[in-house]
Amino acid sequence: MKIKIPGIMLCAVLAGSSLNGVYAQTKPVNTDAKISAIIKKLTLEEKIAMVHANGLFSSAGVKRLGIPNLVSDDGPLGVREEVKPGWGSANLKTDSATFFPNGSALAATWNPDLAYRYGHDMGEEARARNKQVMLAPAFNIARTPLCGRTYEYYSEDPFLNARLAVASVKGIQSQHVAACVKHYAVNNQEVERGRVNVEVDERALREIYLPAFKASITEGEAWTIMSAYNKLRGVYCSENDYLLNQILKGEWEFKGLVMSDWGGTHSTVAAANNGLDLEMGSGEKYDTYYFAKPLLDSVKAGKVSVKVIDEKVRRVLWVMYKTSLSSNQPKGSIATPEHGKTAYDIASESIVLLKNDKHLLPLNTSNIKSIAVIGDNATHTFHLGGFGAGVKAKYEINALAGLKNRLGGIVNIKFAQGYWGKYAEPSPANHNGDDFNKSDPALVDEAVAAAKSTDMAILFVGANRDYESEGRDRKDLSLPFGEQTLIDAVTAANPNTIVVVVGGAPYDIGEIKKNNHTIVWSWYNGSENGNALADVLTGKINPSGKLPFTFPASLSQSPAHALGAYPGQNLQVEYKEGILVGYRWFDTKKIEPLYCFGYGLSYTNYKYDDLHTDKTVYTADDNITASIEVKNAGKVNGKETVQLYVNKSGSKVERAEKELKAFKKVYVAAGQAVTIKLKIPVKNLAYFDDSTKKWIVEPGKYKLLAGTSSRDIKQTANITIN
Ligand code: NOJ
């Protein structure tokens with residue numbers, strides 16, 4: 001008998017407990033019993049085939065039993081195009097997808113509803129492309145601003161990461177596509193990522209690096225997780241009993257499967273016994289994988305038990321029952337206008353207004369007849385670039401096109417190249433990178449002429465996806481491509497210069513902050529990038545993005561760098577800053593950053609009033625409900641993210657000056673006030689006690705701090721925990 005389900009032919013030949021009717025049936029299935037029955041029918045060889053790759057993004061099913069391959073694909077920017085072995089494009093016409101804004105852009109929205117929509121829509125696209133597992137979301141903590149994948153990840157804060165991760169996972173999995181949360185764990189740098197050993201104290205591990213993974217498993221119920229390339233405490237993450245067996249499968253009761261990062265498996269027996277379920281990689285000799293013949297031999301030699309193998313197969317099948325073998329599967333759809341709208345909404349809520357001293361923004365088009373749009377990033381696209389996963393975008397509106405779409409008929413727009421955003425790895429041939437970092441005098445002259453002859457200049461600078469890339473970290477925080485020379489020249493040529501910086505991570509924009517009155521931060525902002533940006537600049541959208549990480553004034557301010565604890569020596573990196581990551585460090589050490597975590601302006605201004613809690617004294621099992629009134633005191637409607645931090649003074653242990661414990665983004669019409677409620681379970685105020693390995697809620701006084709950023713606290717309230 002053959003059952004046709006979207007894209008998969010199931011030959012349901014198993015009797016009784018088989019896959020027979022799986023797709024059609026609507027009653028809840030006793031999946032465990034079905035899985036057990038299937039496992040009984042599998043030969044050891046078939047089981048082994050199910051736990052290692054048989055293609056770049058797939059592992060084997062069992063044809064004779066109608067069990068399909070398990071097929072994954074990369075995110076997180078969208079569903080990656082089909083690639084051939086060796087990673088070259090398969091040049092298909094059917095795999096163009098929606099390019100969703102990058103991870104730090106999504107984090108800058110501070111909007112879990114958008115994270116859910118992102119996941120949901122990407123899940124639909126994965127479904128349409130017959131992918132059972134999306135290798136997303138990715139949310140390693142931004143420990144250093146230099147990490148090459150900061151743009152893919154979310155933020156420097158575990159709570160913000162957790163809220164977004166849970167929502168993204170739920171969105172993806174609503175489409176019967178497994179989310180694969182990555183990279184578990186402490187993959188916080190790309191330098192030597194495949195070999196480096198991370199030494200981090202237990203408290204920092206539990207309070208900073210694991211919470212978003214924990215939440216994505218225990219709340220988001222992610223069905224798969226990817227082990228990281230690096231080592232933790234001397235043991236590769238892919239064979240790390242503590243991370244995989246004890247914490248993930250033990251404490252968090254994870255039911256799904258652990259897959260390795262590509263080529264990130266280093267042993268057979270240790271990896272098999274310590275919790276890895278599926279070995280993935282890009283080498284084509286699949287039968288030589290650690291989890292192929294060597295695993296079969298190890299089972300035969302009694303070094304890995306059949307029980308351990310059955311457990312892995314159980315997990316693989318469990319994921320299949322959630323995805324390819326689930327009932328009532330959604331059909332999926334790809335690159336639809338609805339998905340474009342999600343990309344647009346994320347982009348438009350992610351853009352951060354950093355400075356607007358002359359109120360040049362929103363643009364007053366009745367005064368402006370001509371605009372010089374300058375800089376490579378005005379026309380650059382970001383769906384592909386660098387090393388690692390991108391998206392073959394069905395379309396991507398660049399900034400210039402967006403501005404023309406919105407202002408074309410009203411304003412005369414002149415474009416000048418300004419600089420070329422061409423990155424090449426530093427080498428003797430390019431004078432160790434000096435070449436790509438030099439400005440081009442002819443392009444600068446042309447830009448200056450354009451700026452002089454127009455009412456206003458909008459200058460697009462920053463980085464691109466060749467410059468920020470998987471596989472390497474940036475060398476420093478400076479803007480590439482000789483941009484500062486261009487910025488200085490254009491700023492001198494036209495007093496009405498707006499600087500738009502595009503990037504996925506912090507940069508040193510100190511000179512711009514000092515010399516320019518109008519600064520906007522944008523990201524690798526997806527298919528609708530240019531339209532969203534133009535709508536922010538023209539005021540159709542009131543900016544509401546808030547920085548998801550601290551911008552240090554210099555690298556030496558940043559904790560890992562201040563302590564000489566990056567990128568490590570002799571392949572060892574010690575996280576000496578402990579829990580003081582990001583703003584936790586800057587606030588506790590009283591260091592003034594360039595821009596603080598949570599910062600972002602609006603075209604209106606908000607007044608906070610009447611922060612109060614439902615009680616003043618709580619016990620460990622309580623929830624704290626804090627209420628606060630937010631008034632839009634300006635003339636335009638807007639969205640504000642209220643950030644609620646908690647301070648514990650007089651603690652027995654080291655504490656960060658403040659920690660984010662709740663936030664809410666809220667729409668407030670001009671002149672109106674809304675009262676919002678923020679909930680903090682008291683247990684979330686606990687610290688992790690290294691000696692007892694327990695979470696401890698310290699009794700005593702706590703202060704709640706409600707702010708529009710981590711450093712602009714508007715209201716405070718005191719509570720006591722008994
Ligand atoms: C390596 C990356 O670290 C991971 O994020 C990605 O999913 C795999 N390669 C597959 O492309």
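All heavy atoms count here, side chains included; hydrogens, waters and symmetry mates do not. All ligand and atom numbering here is 1-based and tracks the order in the structure. Residue indices begin at 1 and follow the sequence shown.
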I'd like to know if Glu125 and Arg129 make a salt bridge, using a cut-off of under 4.0 Å between side-chain N and carboxylate O. no

For ligand 1, the residues whose heavy atoms come within less than 4.0 Å (ordered by chain, then number): Phe57, Asp74, Arg80, Trp87, Leu135, Arg149, Lys182, His183, Arg193, Met226, Tyr229, Asp261, Trp262, Glu470

Does the side chain of Tyr184 come within less than 4.5 Å of Leu210's, by heavy atoms? yes

What salt bridge (Lys or Arg N to Asp or Glu O under 4.0 Å) pairs are there with at least one residue in residues 230-241, not counting sequence neighbours? Glu202-Arg233

Results of salt bridge (charged side-chain N to carboxylate O under 4.0 Å, His left out) for Lys182 - residues two or more places apart only: Asp74

Salt bridge (Lys or Arg N to Asp or Glu O under 4.0 Å) partners of residues 207-220, not counting sequence neighbours, each pair once: Arg163-Glu219, Arg203-Glu207

Could you check Tyr583 against Asp157 for side-chain hydrogen bond (donor to acceptor under 3.5 Å, both in side chains), going step by step and ending with a plain yes or no? CA-CA 8 Å; Tyr583 67 90; Asp157 182 78; 2.7 Å; yes

